[in-house]
Amino acid sequence: PVIGVTVTPKTSSAVAGTAGNRQLTATVAPQNATNKTVTYSIAPVTSGLTVSSSGNITWTDTVPAGKYTTTIKTEDGSHTDTHVLTLTEP
């Protein structure tokens, strides 16, 4: 069974008003786990801000400054880790 998940990077920052993206990498433990499926969700829900099923966070130039938390959850065991994206005022 899965015993945990770790996401890298844990935090990232960018300037609001400029579109961008960040790729997250989830590592499921143990390495030989049979079910390494993870899901990504981001909060708060914001127009123009999305996270793909492969962990790529993208945002448009309309996303306001603030902190946005992506939660990574394993299908097996519901283990979680988080990444915080901080968009700063231009």
Once side-chain hydrogen bond (donor to acceptor under 3.5 Å, both in side chains) is applied, do any residues pair with Thr60, and if so which ones, sequence neighbours excluded?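 side-chain hydrogen bond (donor to acceptor under 3.5 Å, both in side chains) list for Thr60, sorted by chain: Thr62.
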
Using the side-chain hydrogen bond (donor to acceptor under 3.5 Å, both in side chains) criterion, which residues pair with Thr86? Sequence neighbours excluded.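 By the side-chain hydrogen bond (donor to acceptor under 3.5 Å, both in side chains) rule, Thr86 matches Lys67.
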
Using 0.5 Å steps for rounding, measure from the [atom1] atom of [X] to the [atom2] atom of [Y].
X     : Y     : atom1 : atom2 : answer
Leu85 : Tyr68 : CG    : OH    : 8.0 Å
Ser53 : Tyr40 : OG    : OH    : 8.5 Å
Thr69 : Ile42 : OG1   : CD1   : 8.0 Å

If you look only at distance, which donor and acceptor atoms sit under 3.5 Å apart when one is on a side chain in residues 25-35 and the other is two or more places apart or in another chain?
| from | atom 1 | to | atom 2 | distance (Å) |
| --- | --- | --- | --- | --- |
| Asn35 | OD1 | Thr37 | N | 3.0 |
| Asn35 | OD1 | Thr37 | OG1 | 3.0 |
| Asn35 | ND2 | Glu75 | OE1 | 3.0 |

Using a 3.5 Å distance criterion without hydrogens, assess whether the side chain of Glu89 forms a donor-acceptor pair with backbone atoms of Pro64.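 No, Glu89 side chain to Pro64 backbone: no donor-acceptor pair under 3.5 Å.
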
Show which side-chain atoms of residues 8-21 pair as donor or acceptor with protein atoms under 3.5 Å away, not counting sequence neighbours.
| from | atom 1 | to | atom 2 | distance (Å) |
| --- | --- | --- | --- | --- |
| Lys10 | NZ | Asp81 | OD1 | 2.9 |
| Lys10 | NZ | Asp81 | OD2 | 2.3 |
| Ser12 | OG | His83 | NE2 | 2.8 |
| Asn21 | ND2 | Asn56 | OD1 | 3.3 |

Restricting to pairs with a member in residues 42-59, which pass salt bridge (charged side-chain N to carboxylate O under 4.0 Å, His left out), not counting sequence neighbours?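 Not a single pair qualifies under salt bridge (charged side-chain N to carboxylate O under 4.0 Å, His left out).
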
Quick one, Thr82 with Val7, criterion side-chain contact (heavy atoms from CB on, under 4.5 Å). Give me CA distance, side-chain angles, the key distance, then yes/no. CA-CA 7 Å; Thr82 57; Val7 66; 5.9 Å; no

Test Thr80 against every option in Thr71, Ile72, Thr74 by the side-chain contact (heavy atoms from CB on, under 4.5 Å) rule and name the one that passes.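 Per the side-chain contact (heavy atoms from CB on, under 4.5 Å) rule, the option paired with Thr80 is Thr71, out of Thr71, Ile72, Thr74.
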
Decide yes or no for Lys73 and Val38: does some side-chain heavy atom of the first lie under 4.5 Å from some side-chain heavy atom of the second?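 Lys73 does not reach Val38 side chain to side chain.
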
List the atom pairs, donor and acceptor, that lie under 3.5 Å between side-chain atoms in residues 43-51 and the rest of the protein, sequence neighbours left out.
| from | atom 1 | to | atom 2 | distance (Å) |
| --- | --- | --- | --- | --- |
| Thr46 | OG1 | Pro44 | O | 3.0 |
| Thr50 | OG1 | Thr58 | OG1 | 2.8 |

